[in-house]
Amino acid sequence: MNIAKIIVDVPANQIDRTFDYLIPEDWHDEDFIQPGMRVIVPFGPRKVQGFVVGLSNETEIKKLKSVESVLDLTPVLTQELLELGEWLRDTTLCFLITAYQAMLPAAMKVKYEKEVHLKNAQTICDELKNLFVNDVIQWKEIENNKLIFPLIQKELKKGNMEVVYRIEDRAKKKKVKVISTKKTKDELLQLLDSFPNQALKQKEIIQFFIDGPEQIELQQLINILDTTISPINSLIKKGILQEHYEEVYRDPYEKREFKQSEPLPLTEEQTKAMMPIIESIRKGRHDVFLMYGVTGSGKTEIYLQAIAEVLKQGKEAIMLVPEISLTPMMVARFKSRFGADVAVLHSGLSQGEKYDEWRKIQRKEVKVVVGARSAIFAPFENLGIIIIDEEHETSYKQEENPRYHARDVAIKRGKYHQCPVVLGSATPSLESFARAQKGVYRLLTLKKRINASVLPAVEIVDMREELRCGNRSMFSKILFEKLKDRLEKGEQSVLFLNRRGFSTFVMCRDCGFVLRCPHCDISLTYHKHDDMLKCHYCSFETRLLTTCPECRSEHIRFFGTGTQKVEEELAKLLPEARVIRMDVDTTSRKGAHEKLLSAFEEKKADILLGTQMIAKGLDFPDVTFVGVLAADSMLHIPDFRASEKTFQLITQVSGRAGRHELPGEVVIQTYTPDHYSIVLAAKTDYDTYYRKEMAIRKLYHYPPFYFLTLITISHPELMKVVDAAEKVSAILRGRLSNQAIILGPVASPIPRLKNRYRYQCMIKYKDEPNLGRTLRSILHHFQQEMSRNDLQISIDMNPFMMI
DNA sequence: CACCTGTTGGTG
DNA sequence: ACCAACAGGTGT
């Protein structure tokens, strides 16, 4: 085997196939190069990263180039993952290289640097020479410089300089300096006597090595002896100490202690739900379970015990949790049960920390992974179970290429490993529940909360009625009463509002002009603390205007309520209440999320006010009241899942109340108190909701009755978009069966985003075996315009975001 | 004919 | 994607 088949890191249509490379002779006999390894190969005039996907002895290519170097000593992708990548390519229409990159931590994607190196320095004038640092200059620094660039080009042509494509592997292992002694303890003792007395610190250090360990981490030594590096360096210079580097893992949880926890006793209902899973694990069967259990019914304990069973069989487990509920609480629960067997992967970690957690998995040093979406690609080779908690969460769908759904990947991997997949939720997605009803998934039901707590009492408040009664504030009378009541009792409340910022739009009272993002066709949100208007879809922000740009009027008013305004309002009405606000604006800093939550847990605040991110998984014993300020804020978005999302959100938020001894109460404020998703969520009547929603989905040809594919076409010029969109739809109509429903082209719900006009086509279909090929040929057809003319066509074969 | 600009084909 | 080679137009 002297030829490697390689997928190179060039995400383009024509390159999305293997290229053959010669394996250098020195690596032949030992089978050094294996499929799944990352390599560097020459590609055209440059060098790129690639993945070895196969080996061979023959090739049709005459003039083979050789593999330049390897980045890994052992494969980073298993055979299973290599095949999984092909499946992803086919099911999500991405490039194979994109699929492979998605499976690995970002640190393993190399960085490309284009540099110019000085070769014959003496022939080059000093002016030019001075630009170079150590005979090197970055291409980026000169490519746009009209004066210098031509001069450099000339020198390149003459051969006095050369272009070098440098590749940087970001996957740097963290190393620490370790200090040890060269001498024996007796020698050290002798040295100590002969040491000058003024070298106090040096003597202390020698004493340390006489009493203590053979070696110690430099930083620790400095801490323990409360010294600096200089006496240590002196001792090294004297040949008494020596330094070397050791590789360590960045452990994000290093400073925390986890008390060992034991399995909790299960209720009868829990046991009944768990047994089929255990059986499936023992028999090595690929069953998909849908565990439908009300909030607080103890699903997590079942997960933990199922995982324990898997570990007993010597196998591994993946547990997926939505990004926002991957709280320290959740991590602690796993770490305290499984100790050092757990790796955690989530977005709060730095690139290096993620890489280290991943490496623990690869080296088989852990058996359990708890993580967000991409943890589904954990390179385990002996999987015993995959669990997806809060199965209905939309964050399991990746909204960029590869546009995969972690649930689908989980089932695919479960099939490969012949292991069970458990989907858990209090509000299952219609897709999953429908499959459970059909018997495709096995349904496990938990109807009771553990520790006998009852589901909270829910009250719906009609805000139109409030307005009629003269209450113009954002709090209904009853919600305010309850807030005050909890405050007096010293119990905690959670307030939920799915809008960040201060005001959701700003309008001129005189002419009705609404301030919009110049790039996005979206109204700007006012943020009070910095007095800025911000676009929540791109990074645009601008100072608040005091006069209307249209009519010069000064009657600019704020409309719509965001979390910042609620916070301000609370400070006015309940000045004694301590409020923690949690939204993207207060949690963007690293660790802020965690800090705010633990402050609330330690009862340093009375009210937790927040968006989306406080809806899931939080479990605080003293929270007895939950207020949903605007239940319909989600209901009116242009998305067929709007009502499903509303139902789920209300149910989830309500579930935060009264989870322990104290009973909980929930108030839901809405302008549409009769909407079934709100009424039924208040009653926690999933079954009725399911039936009602299914009827609507059937009527309007939506999932789970039909499959969807959404094609979004965008371009800076409107005409180009319309033109391309019409062509796309024509191709679809020409190629698909007449059972497929093709909608559009129409302008997208957000018709302009980041300076690009957007049109879309939607396809609803039941069975369309030619769809994949048709879509590929569309991409093929437009590939020139896409690479040259700024046209973008994105195809989502199972969209969750309709904008 | 030098120089700029946009297009086209190929990458093993 | 990125590059090199090519084609065609402009200007001195």
Roughly how many Å is it from [atom1] in [X] to [atom2] in [N], rounded to a whole number?
X: A/D790; N: B/dG6; atom1: CG; atom2: P; answer: 14 Å
X: A/D9; N: C/dC2; atom1: CG; atom2: P; answer: 10 Å
X: A/K157; N: C/dA4; atom1: NZ; atom2: C1'; answer: 12 Å
X: A/K154; N: B/dA2; atom1: NZ; atom2: C1'; answer: 12 Å
X: A/Q101; N: C/dA1; atom1: CD; atom2: P; answer: 14 Å
X: A/Q783; N: C/dC2; atom1: CD; atom2: P; answer: 16 Å
X: A/I167; N: C/dC2; atom1: CD1; atom2: C1'; answer: 14 Å

Any heavy-atom pair between the side chains of [Y] and [X] that's under 4.5 Å?
X: A/L88; Y: A/F377; result: yes
X: A/V70; Y: A/F32; result: yes
X: A/L708; Y: A/D796; result: no
X: A/R373; Y: A/V409; result: no

>> Does A/K397 qualify as a cation-pi partner of A/Y404, given the criterion of NZ or CZ under 6.0 Å from the six-membered ring centre and within 45 degrees of its axis?
In response: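 Pair A/K397/A/Y404 does not count as cation-pi.
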
> Just wondering, are more than 12 heavy atoms of other shown residues or ligands nearer than 6.0 Å to NE2 in A/H780?
Replying inline: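 Counting other residues, nucleotides and ligands, NE2 of A/H780 stays at 12 neighbours or fewer.
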
> Is a donor on one side and an acceptor on the other found under 3.5 Å between the side chain of A/D20 and the backbone of A/K5?
Replying inline: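 No.
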
> Between the side chain of A/Y100 and the main-chain N/O of A/G50, is any donor-acceptor distance below 3.5 Å?
Replying inline: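 Flag not set: sc A/Y100 to bb A/G50 has no pair under 3.5 Å.
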
>> Check the orientation of A/H405 and A/Y396. Use parallel for under 30°, tilted for 30 to 60°, and perpendicular for over 60°.
In response: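 If you compare the ring of A/H405 with that of A/Y396, the planes turn out tilted.
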
> So what does the secondary structure string of DNA chain B come out as, 5' to 3', with Watson-Crick or wobble pairs under 3.5 angstrom, [ ] for crossing and | for pairs with another strand?
Replying inline: |||||||||||.

> Given C/dC3, is OP1 or OP2 found less than 4.0 Å from the side-chain N or O atoms of A/Y165?
Replying inline: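 Yes, such a contact exists.
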
Show each protein N/O and nucleotides 8-12 of chain B N/O combination with a separation under 3.5 Å, one pair to a line.
from: B/dT11; atom 1: O3'; to: A/G44; atom 2: N; distance (Å): 3.3
from: B/dG12; atom 1: OP1; to: A/G44; atom 2: N; distance (Å): 3.1
from: B/dG12; atom 1: OP1; to: A/K65; atom 2: NZ; distance (Å): 2.4
from: B/dG12; atom 1: O3'; to: A/D20; atom 2: O; distance (Å): 2.8
from: B/dG12; atom 1: O3'; to: A/K65; atom 2: N; distance (Å): 2.9
from: B/dG12; atom 1: N3; to: A/D20; atom 2: N; distance (Å): 3.3

